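Starting off with a structure, shown below.
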Amino acid sequence: MKYRESQKDKELRKRFSNDNAHALLRRVILEEGVLRGINSLDVTFQYPITAFAGRNGAGKSTILAMACCAYHNTKSGFKLPKRKNTYYTFSDFFVQHAEEVPPEGIEIIYHIAHNKWNKSASHPDGIGVGTQRRRKNRGGKWNDYDSRVKKNVVFLGIERIVPHSERSQSRSYSRSFENSLPKGWEDKVKDAVGFVLGRNYDEFRYLEHSKYSLPIVKVGNVVYSGFNMGAGENALFEIFSTIYSCGSGALLVMDEIELGLHAEAQKRFIQRLKDVCFDTHTQVICTTHSCEILDCLPYDARFFVESVQGRTKITEGISSDFAFSKMASLPSAEIEILVEDEVAKSILFSALPTTLRSRLAIHVIGSATALSRQLAAIHVRGESKPTIAIFDGDQRCKESDNLGHAKNMCEKPKTNFDDWFRDRINYLPGDSWPEAWLVQSAANCPESLAAALNCDVDTLKDILEYGLQAGKHNEFYEISKQLGIDRSMCLQIFSTIVCGVFVTEFEPLVAQVSIALANAG
């Protein structure tokens with residue numbers, strides 16, 4: 001399903017792009033060297049919450065470490081209770097045995113939106129996006145840590161979900177925790193966690209002993225502490241408390257952001273996290289293995305990390321369907337078909353005969369630009385198996401734009417790239433987006449569709465009109481509501497009936513897939 005950007009998303013992106021007051025991280029480039037498996041990196045941050053997905057060992061955690069080490073801090077800055085320093089260095093993340101070879105010859109460039117650049121910084125007027133470089137020469141140390149931009153940075157690793165009942169220090173001090181002074185943000189944290197978990201907390205506070213803390217809540221007449229909370233509940237209190245403790249404009253870096261939360265809670269967590277980031281100017285960079293997390297973020301806030309022929313490859317704007325099919329590495333398909341969204345996928349599954357359908361894999365990529373980007377990546381690394389990109393019908397008139405975008409993504413496109421690109425693309429029927437084509441085509445075969453839906457023909461015609469008036473990509477939300485059935489079921493029925501009636505419109509596409517399968521065999 002295409003991501004439907006909300007008004008909150010637009011407000012977050014607008015503020016993020018115009019904010020120079022909170023030293024936001026805008027871009028990270030690994031200019032030189034290899035850092036724990038990452039040998040090539042150029043990531044631009046355009047949204048305050050960014051998620052990296054990928055297989056284990058792809059380098060996601062290394063990217064988090066690089067983000068943490070973009071900044072320094074004052075002695076009075078925020079730090080987690082068990083940390084010695086208010087800032088991070090690479091030694092916090094890259095601990096090595098004596099037999100291991102430390103990284104050398106590294107240069108990292110950070111682009112930071114800042115309004116207090118000093119005269120030696122790369123931004124001439126002191127305000128705006130400037131750059132800082134971190135270097136580690138061969139045999140040397142990382143340069144000038146203390147010259148970094150000052151900012152509160154917090155890294156929350158997977159230990160945050162360890163229950164207090166399993167933490168040795170919490171068990172040791174279980175009788176020693178006492179009330180702490182109110183921080184002023186307890187109600188905000190209580191409401192945030194309550195929203196995510198669908199629970200009404202009457203009270204929340206922290207108990208403290210030495211440098212350790214323990215959450216305690218009241219729900220109705222029941223009072224319970226972190227010793228009797230679930231892992232996800234504990235983690236949520238820690239995450240939101242940390243954000244508010246840091247104050248305005250912090251960078252929060254989290255490993256596996258979804259840990260301890262079920263699917264619905266993950267969605268509500270990202271929803272509330274967006275609100276909190278807007279209120280506090282917080283930037284969040286995280287890793288994830290959850291399709292729910294990716295689906296809750298705009299395309300430019302999603303990145304997929306992988307190693308292709310020994311080189312680190314970062315894919316921006318990836319759909320969760322494609323990302324998790326990559327991680328699953330399903331080997332059965334002889335060819336791969338890439339489409340923009342789940343509507344196109346439903347249409348293709350209905351239009352292609354079983355003899356072809358059973359031999360291929362259809363991946364939702366997310367947009368026409370993403371399709372072009374994937375073809376460019378295939379061109380650069382070489383094809384492991386035949387791939388066809390099926391664009392929506394309204395992209396026919398934009399073929400030159402999509403071709404140009406793909407060509408620009410290739411550092412050194414081959415001389416026959418234009419022909420190579422056009423041999424690997426096709427289009428859905430019509431000259432509009434697929435939902436509109438389905439509904440307009442359905443209006444030409446209402447009897448067949450009405451019988452499948454157990455609906456009066458005249459009533460169905462009215463419902464189709466309602467759908468067309470709902471706006472681009474909203475058609476089936478309105479139609480399924482009017483028909484009283486689930487949207488996915490509605491889409492499946494429409495696709496099956498319409499594609500069966502207008503089978504001839506798919507003949508060129510079916511022929512291309514048949515040839516690709518024959519060549520693959």
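What you see is a predicted model, and the numbers here were worked out from it, not measured in a lab.
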Q | Trace of the side chain to side chain donor-acceptor pair (under 3.5 Å) decision for Trp433 with Gln395 | A | CA-CA 8 Å; Trp433 55 97; Gln395 293 295 317; over 6 Å; no

Q: Find out whether Val339 and Ile365 are in side-chain contact, i.e. whether some heavy atom of one side chain is under 4.5 Å from a heavy atom of the other.
A: no

Q: Answer yes or no: are there more than 12 heavy-atom neighbours, outside Asp279 itself, under 6.0 Å from its atom CG?
A: yes

Q) If you look only at pairs with a residue in residues 184-195, which of them pass as a side-chain hydrogen bond (donor to acceptor under 3.5 Å, both in side chains), with sequence neighbours excluded? A) none

Q. Among all residues two or more places apart in sequence or in another chain, which pass the ring pair (Phe, Tyr, Trp, His ring centres under 6.0 Å) test with Tyr87?
A. His72

Q.
For the SG atom of Cys286 and the CD1 atom of Ile257, what is their distance to the nearest 0.5 Å?
A. 4.0 Å

Q | Non-neighbouring partners of Lys407 that pass salt bridge (Lys or Arg N to Asp or Glu O under 4.0 Å), sequence neighbours left out | A | Asp418

Q) For the ring pair Tyr71 and Tyr110, is the centre-to-centre distance below 6.0 Å? A) no

Q: Over all heavy atoms of both residues, which pair between Glu478 and Ala470 is shortest? Give the atoms and the distance, please.
A: CB-CB, 3.8 Å

Q | Audit row: Phe45, Leu24, side chain to side chain contact (heavy atoms under 4.5 Å, CB included) steps and yes/no | A | CA-CA 9 Å; Phe45 302 97; Leu24 300 170; over 6 Å; no

Q.
Under a 3.5 Å threshold, yes or no: a donor from one side chain and an acceptor from the other, between Asn474 and Arg4?
A. yes

Q. Which distance, rounded to the nearest 0.5 Å, do you find between the CZ of Phe324 and the OG of Ser290?
A. 6.0 Å

Q. Is the shortest distance from a Lys or Arg side-chain nitrogen in Lys345 or Glu342 to a carboxylate oxygen in the other one below 4.0 Å?
A. no

Q. Could you walk me through whether Arg199 and Glu233 pass the salt bridge (Lys or Arg N to Asp or Glu O under 4.0 Å) check?
A. CA-CA 11 Å; Arg199 190 171 300 168; Glu233 188 177 15; 3.1 Å; yes

For residues 368-377, which side-chain N or O atoms pair as donor and acceptor with protein atoms under 3.5 Å away, sequence neighbours left out?
{"unit_1": "Ser372", "atom_1": "OG", "unit_2": "Ala368", "atom_2": "O", "d": "3.3"}
{"unit_1": "Ser372", "atom_1": "OG", "unit_2": "Asn402", "atom_2": "O", "d": "3.2"}
{"unit_1": "Arg373", "atom_1": "NH1", "unit_2": "Glu316", "atom_2": "O", "d": "2.9"}

(Q) I'd like to know if the side chain of Lys313 pairs up with that of Thr315 as donor and acceptor (distance under 3.5 Å, no hydrogens or angles considered). (A) yes

(Q) Does Ser367 form a side chain to side chain donor-acceptor pair (under 3.5 Å) with Glu340? I'd like the steps, not just the answer. (A) CA-CA 5 Å; Ser367 66; Glu340 294 188 36; over 6 Å; no

Q.
Quick one, Tyr299 with Tyr47, criterion ring-ring contact (aromatic ring centres under 6.0 Å, His included). Give me CA distance, side-chain angles, the key distance, then yes/no.
A. CA-CA 10 Å; Tyr299 290 120; Tyr47 188 82; over 10 Å; no

Q) Under a 4.5 Å cut-off applied to non-hydrogen side-chain atoms, are Val284 and Leu251 in contact? A) no

(Q) Between Glu292 and Lys267 (salt bridge meaning N to carboxylate O under 4.0 Å), is one present in this structure? (A) no

Q.
I'd like to know if Asp42 pairs up with Arg27 as an ion pair, taking the criterion as any Lys NZ or Arg NE/NH1/NH2 lying under 4.0 Å from an Asp or Glu carboxylate oxygen.
A. yes

Q.
Can you tell me how far apart CD1 (Ile63) and CD1 (Ile314) are? Round to the nearest 0.5 Å.
A. 4.0 Å

Q) Would you say the side chain of Cys69 lies within less than 4.5 Å of the side chain of Arg134, judging by non-hydrogen atoms? A) no

Q | Closest non-hydrogen atom pair between Val196 and Arg272, with its separation | A | CG2-CB, 4.3 Å

(Q) For Thr86, is there any backbone N or O sitting under 3.5 Å from a side-chain donor or acceptor partner on Asn73? (A) yes

Q. Considering only heavy atoms from C-beta outward, does the side chain of Cys246 approach that of Leu252 to under 4.5 Å?
A. no

Q. Strictly by modelled atom types, are Glu256 and Thr287 linked by a side-chain donor-acceptor pair under 3.5 Å?
A. no

Q: Please report the closest heavy-atom contact between Arg302 and Ser320, naming both atoms and the distance.
A: NH1-N, 4.0 Å

Q | For Thr62, all residues meeting side chain to side chain donor-acceptor pair (under 3.5 Å), sequence neighbours excluded | A | Arg36

Q: Mind listing the closest non-hydrogen atom pair of Val253 and Leu64 along with its distance?
A: CG1-CB, 3.6 Å

Q. Side chains of Asp255 and Leu156: closer than 4.5 Å at any heavy-atom pair?
A. no

(Q) Checking Val154 against Phe78 for the side chain to side chain contact (heavy atoms under 4.5 Å, CB included) test, could you report, in this order, the C-alpha distance in whole Å, the side-chain angles of both residues, the deciding distance, and whether it holds? (A) CA-CA 8 Å; Val154 177; Phe78 177 84; 3.5 Å; yes

(Q) Checking the side chain of Lys151 only, and the main-chain atoms of Gly249 only, is there a donor and an acceptor separated by less than 3.5 Å? (A) yes

Q: Report, as yes or no, whether the 6.0 Å neighbourhood of atom CG on Leu80 holds more than 12 heavy atoms from other residues, nucleotides or ligands.
A: yes

Q) Between Leu25 and Ile112, does a side chain to side chain contact (heavy atoms under 4.5 Å, CB included) hold up when you go through it step by step? A) CA-CA 5 Å; Leu25 186 60; Ile112 298 172; 4.1 Å; yes

Q. Is the shortest distance from a Lys or Arg side-chain nitrogen in Lys84 or Asp92 to a carboxylate oxygen in the other one below 4.0 Å?
A. no

(Q) Does any part of the side chain of Ile239, heavy atoms only, come nearer than 4.5 Å to the side chain of Phe269, both counted from C-beta? (A) yes

Q: Find out whether Ile347 and Leu438 are in side-chain contact, i.e. whether some heavy atom of one side chain is under 4.5 Å from a heavy atom of the other.
A: yes

Q. Are Val28 and Leu30 close enough that some pair of their side-chain heavy atoms sits under 4.5 Å apart?
A. no

(Q) Show, in sequence, the C-alpha distance, side-chain angles and deciding distance for Phe278 and Phe16, and conclude whether the ring-ring contact (aromatic ring centres under 6.0 Å, His included) test is met. (A) CA-CA 9 Å; Phe278 187 82; Phe16 187 83; over 10 Å; no

Q: Could you please spell out the steps behind the side chain to side chain donor-acceptor pair (under 3.5 Å) verdict for Thr312 and Asn39?
A: CA-CA 6 Å; Thr312 302; Asn39 53 33; 3.2 Å; yes

Q | Trace of the salt bridge (Lys or Arg N to Asp or Glu O under 4.0 Å) decision for Arg160 with Glu238 | A | CA-CA 7 Å; Arg160 68 183 183 275; Glu238 182 172 355; over 6 Å; no

(Q) Going by salt bridge (charged side-chain N to carboxylate O under 4.0 Å, His left out), name the pairs with one or both residues in residues 8-22, residues two or more places apart or in two chains. (A) Glu5-Arg13, Lys8-Asp275, Asp9-Lys274, Arg13-Asp300

Q. How far does OG of Ser40 sit from CD of Glu31, to the nearest 0.5 angstrom?
A. 10.0 Å

Q. Of all heavy-atom pairs between Tyr427 and Asp392, which one has the smallest distance, and what is that distance?
A. CD2-O, 3.6 Å

Q: Take Leu35 and Leu41, measure what side chain to side chain contact (heavy atoms under 4.5 Å, CB included) needs, and give me the verdict at the end.
A: CA-CA 10 Å; Leu35 192 60; Leu41 182 70; over 6 Å; no

Q. Less than 4.0 Å between a side-chain N and a carboxylate O, is that true for Arg422 and Glu399?
A. yes

